[in-house]
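Notes for the one structure printed next.
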Amino acid sequence: MPIDFYFEFSSPYGYFASLKVDDLAAKHGRETEWRPFLLGVVFQTTGQSPFMAQPLRGDYSRRDFDRSARLQKVPFIMPEKFPVQSIAAARAFYCLEGRDPARAKQLAQALYFRIFGEGHNISAPEAVIAVAETMGIDGAELAAGLQDPMVKERLKVETQAAIDRGVFGSPFIIVDGEPFWGADRLNQVDAWLETGGW
């Protein structure tokens, strides 16, 4: 069975995990299913708010983002305007995913890098389309796809399905029904796949 990788495009920890999760799965002969969802909708269920908006935790998070990037040796620049609105990015993923999952994943990686590798806000549909066009994706076709009622509904369904499966943060990885929350749980995912669980 594939490993389900739930992520929110506005999540720095989701970005860190996205750089490792496919290699981790491949190490164990597994595939990953990338599943972007809207964390803001989840927060309406859990009553949470973004880390950065919380007293004490926000200051810690800023420090931890930078420290995590240094440890992982990856570029990290926090966008000046944060959190990033991720509806257009998530819709763009699902526009492509139905006909070309590998291409959708490549777009997700490019969008994540644009946000946290380069520090740009991609809230506007035009910003998402601009990234897609650098990959050779037809911008006009994608722009139309972002407004497609079926694509909008797909994102709603995926977000509700995430909630129904107990997803409350990003990244959230489910391995054969076992949930793991956070980029710092990838070592546990690795061990779970290695041993078959405990």
Side-chain angles (χ1 to χ4, degrees), residues 3-28 32-90 93 105 107-123 127-128 131 158-159 162-163 165-175 178-194 198:
I3 295 168
D4 289 312
F5 174 53
Y6 287 93
F7 65 96
E8 154 71 61
F9 278 104
S10 192
S11 166
Y13 293 121
Y15 164 65
F16 297 138
S18 76
L19 298 170
K20 293 182 172 183
V21 68
D22 280 352
D23 288 342
L24 176 56
K27 173 183 173 183
H28 299 282
T32 51
E33 292 259 351
W34 286 42
R35 298 181 179 276
F37 69 101
L38 299 178
L39 194 53
V41 176
V42 176
F43 285 165
Q44 293 172 17
T45 299
T46 64
Q48 294 176 294
S49 61
F51 289 162
M52 302 286 279
Q54 297 177 28
L56 304 180
R57 196 172 188 181
D59 290 337
Y60 171 83
S61 296
R62 289 179 184 88
R63 184 173 191 142
D64 191 54
F65 297 153
D66 289 332
R67 181 175 59 211
S68 296
R70 292 194 305 270
L71 178 64
Q72 201 165 323
K73 296 181 173 58
V74 297
F76 180 80
I77 302 172
M78 179 63 74
E80 187 173 328
K81 185 176 180 181
F82 188 82
V84 173
Q85 294 297 318
S86 62
I87 293 175
F93 177 92
K105 187 182 293 186
L107 177 60
Q109 291 167 327
L111 290 169
Y112 250 149
F113 186 78
R114 183 71 172 155
I115 301 167
F116 296 115
E118 299 177 333
H120 293 279
N121 190 306
I122 54 118
S123 297
V128 171
V131 172
E158 290 286 346
T159 299
I163 293 170
R165 294 189 75 187
V167 173
F168 57 83
S170 171
F172 205 98
I173 299 167
I174 300 180
V175 182
E178 188 71 18
F180 298 87
W181 170 48
D184 58 348
R185 288 296 181 267
L186 288 177
N187 62 330
Q188 289 193 16
V189 172
D190 188 15
W192 191 270
L193 289 165
E194 183 70 34
W198 55 85

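Everything numeric here is computed off the predicted structure, so don't read it as measured data.
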Report yes if some heavy atom in the side chain of [X] is under 4.5 Å from a heavy atom in the side chain of [Y]; otherwise report no.
X	Y	value
Val42	Val167	no
Arg185	Ile173	no
Ile3	Leu193	yes
Gln85	Asn121	no
Phe37	Ser86	no
Val74	Phe116	no
Val84	Pro79	yes
Val189	Lys20	no

> Just by modelled atom types, is the Ser170 backbone N or O under 3.5 Å from a matching donor or acceptor in the Ser11 side chain?
Replying inline: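 Yes.
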Return the minimal non-hydrogen interatomic distance between [X] and [Y], and the atom names on each side.
X	Y	answer
Gly169	Trp181	CA-NE1, 3.5 Å
Glu8	Tyr112	O-OH, 2.7 Å
Tyr60	Arg67	OH-NH2, 3.1 Å
Phe43	Phe168	CE2-O, 4.4 Å
Phe82	Pro12	CZ-CD, 3.9 Å
Ile122	Ala127	CA-CB, 3.7 Å

I need the [X] [atom1] to [Y] [atom2] distance, nearest 0.5 Å.
X	Y	atom1	atom2	answer
Leu39	Gln44	CG	CD	10.5 Å
His28	Asp23	NE2	CG	11.0 Å
Glu194	Leu24	CD	CG	10.5 Å
Asp64	Leu71	CG	CG	10.0 Å
Leu111	Phe93	CG	CZ	10.5 Å
Thr159	Ile163	OG1	CD1	7.0 Å

>> Could you tell me if Lys105 and Thr32 have a donor-acceptor pair between their side chains, going purely by distance under 3.5 Å?
In response: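 A pair is found: one side chain offers a donor N or O, the other an acceptor, under 3.5 Å apart.
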>> Under 6.0 Å between ring centres: does that hold for Phe76 and Phe16?
In response: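 Close enough - the centres of the two rings lie under 6.0 Å apart.
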>> Run Phe113 and Tyr15 through ring-ring contact (aromatic ring centres under 6.0 Å, His included) and show every step you take.
In response: CA-CA 8 Å; Phe113 186 78; Tyr15 164 65; 7.2 Å; no
>> Once side-chain hydrogen bond (donor to acceptor under 3.5 Å, both in side chains) is applied, do any residues pair with Asp59, and if so which ones, sequence neighbours excluded?
In response: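 Arg62.
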>> Around atom CD of Gln188, are there more than 12 heavy atoms from other residues, nucleotides or ligands closer than 6.0 Å?
In response: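 It does: Gln188 CD has more than 12 such atoms within range.
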>> Using the rule side chain to side chain contact (heavy atoms under 4.5 Å, CB included), only one of Tyr6, Phe7, Phe5 pairs with Phe172; which is it?
In response: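 The passing option is Tyr6.
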